[in-house]
Amino acid sequence: MASSRSTWSCGSPVCPLRRAPGSVIAALVQPVMFVLLLAYVVGGSLGGADNRTFLMGGIFAQAVTFNAAFTALGLANDMDKGIVDRFRSLPVPRMAVILGRTLSDLAMSVVTLVVTSLGGLLVGWRIGTSLPEAALAYFLILLFAFAVSWVGAAIGLMARSVEVAQSAGLIWLFPVTFVSSAFVSTATMPGPLRTVAEWNRVSATATAVRQLFGNPPPAGIPLGDARPVVS
């Protein structure tokens, strides 16, 4: 019981981050890796320097989506160590554990968003709209991050071990992020795959964020469709 009380004595979603510095380091390194990889390694085949600004919308959506793996792994680890069972014996709401984990990872997504933005500025990304529109774009990204973290929470609760959660928490992330308009136009995809990509929420988020940031596609690069689209 004493260990359970000490875990929650901070009373803030940020506290688990202080107890897991490895996750914080991953949240700092991961977005920088995405920005540099897509801007300089893959970016040449996707339009070069003229396309870096446009790619940032997809990088934002991908970075926060990959944070869902932290949610799955964290919950599975808590269940494996018996922490969840301890909380069940305490007079706390049943949703407290999951909500605390998702809010903690939302705070991690804020860190990821800041680092991704700084990395984007270094490679030439700029915001071409007003401050309210930019703020709405960031809010939309965080709202999407919070929603995706619940997918990670479901995987973490269903996994029978930390190893399974680690594998399952990553397997679905790659098709979700890459079968989308995050980095390539859906117009270049075959029929069934294009339909999936157009209705992919990563596509919708990336498209909406690009519009709110004022980052249109370079001339000659088709955008394709992503529904719903901010008008």
Side-chain angles (χ1 to χ4, degrees), residues 3-4 6-8 10 12-38 41-42 58-88 94-116 119 141-180 182-183 196-197 200-203 205-206:
S3 59
S4 300
S6 63
T7 302
W8 284 83
C10 177
S12 170
V14 183
C15 288
L17 300 185
R18 295 206 302 261
R19 295 184 173 90
S23 298
V24 177
I25 293 174
L28 293 173
V29 174
Q30 180 176 278
V32 174
M33 180 183 65
F34 286 152
V35 172
L36 295 179
L37 178 65
L38 291 167
V41 179
V42 185
I59 294 175
F60 280 123
Q62 183 197 40
V64 298
T65 301
F66 267 68
N67 279 355
F70 296 135
T71 308
L73 191 59
L75 265 179
N77 187 50
D78 289 344
M79 295 184 66
D80 186 59
K81 292 182 177 180
I83 296 176
V84 174
D85 292 334
R86 295 178 186 177
F87 285 134
R88 286 173 179 170
R94 288 183 175 270
M95 289 294 295
V97 177
I98 302 177
L99 187 60
R101 168 58 60 178
T102 53
L103 288 177
S104 173
D105 292 329
L106 181 62
M108 188 176 295
S109 293
V110 173
V111 175
T112 299
L113 199 55
V114 172
V115 176
T116 305
I141 297 170
L142 291 176
L143 186 63
F144 176 69
F146 185 66
V148 172
S149 69
W150 284 85
V151 179
I155 293 174
L157 291 174
M158 290 186 295
R160 296 184 178 181
S161 67
V162 176
E163 291 77 12
V164 173
Q166 186 173 13
S167 300
L170 288 174
I171 288 175
W172 70 279
L173 292 175
F174 288 95
V176 164
T177 53
F178 288 102
V179 184
S180 69
F183 308 116
V196 173
N200 190 338
R201 298 303 90 185
V202 174
S203 296
T205 302

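Numbers here are sequence positions counted from 1. Just so it is clear, the structure is predicted and the values come from calculations on it, not from any experiment.
Atom CG in Leu142 sits 10.5 Å away from atom CZ in Phe60 (nearest 0.5 Å). In this structure, CE on Met108 lies 14.0 Å from CG on Leu113, to the nearest 0.5 angstrom. Atom CG of residue Leu73 and atom CD of residue Glu163 lie 9.0 Å apart, to the nearest 0.5 angstrom. In this structure, Thr205 OG1 and Asn200 CG are separated by 8.5 Å, a value rounded to the nearest 0.5 Å. With values rounded to the nearest 0.5 angstrom, Ile155 atom CD1 is found 11.0 Å from Ser167 atom OG. Residue Met158 holds its CE atom at 11.0 Å from CE of Met79, rounded to the nearest 0.5 Å.
Summarising the geometry of Phe144 relative to Ala61, their closest heavy-atom pair is CE2-O, 4.0 Å, with the distance given to 0.1 Å. In this structure, Thr65 and Val148 approach most closely via the heavy-atom pair O-CG1, 3.9 Å. Nearest approach of Ser109 to Asn67, heavy atoms of both residues: OG-ND2, 3.3 Å. Looking at every heavy atom in both residues, Ala182 comes nearest to Val202 through CB-CG1, 4.2 Å. Across all non-hydrogen atoms, the minimal contact from Ala197 to Ser203 is O-OG, 2.6 Å. Between Ala153 and Thr102 the shortest heavy-atom distance is CB-CG2, 4.4 Å.
Residue pairs satisfying the side chain to side chain donor-acceptor pair (under 3.5 Å) criterion with at least one member in residues 70-79, sequence neighbours excluded, are listed as follows: Thr71-Asp105, Asp78-Arg101.
Looking at Ile141, Val64, Ile59 one by one, the single match for side-chain contact (heavy atoms from CB on, under 4.5 Å) with Thr116 turns out to be Ile59.
Checked against the 6.0 Å centroid criterion, the rings of Phe174 and Phe66 qualify as a close aromatic pair.
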Steps toward side-chain contact (heavy atoms from CB on, under 4.5 Å) verdict (Leu99, Trp150): CA-CA 9 Å; Leu99 187 60; Trp150 284 85; 4.0 Å; yes
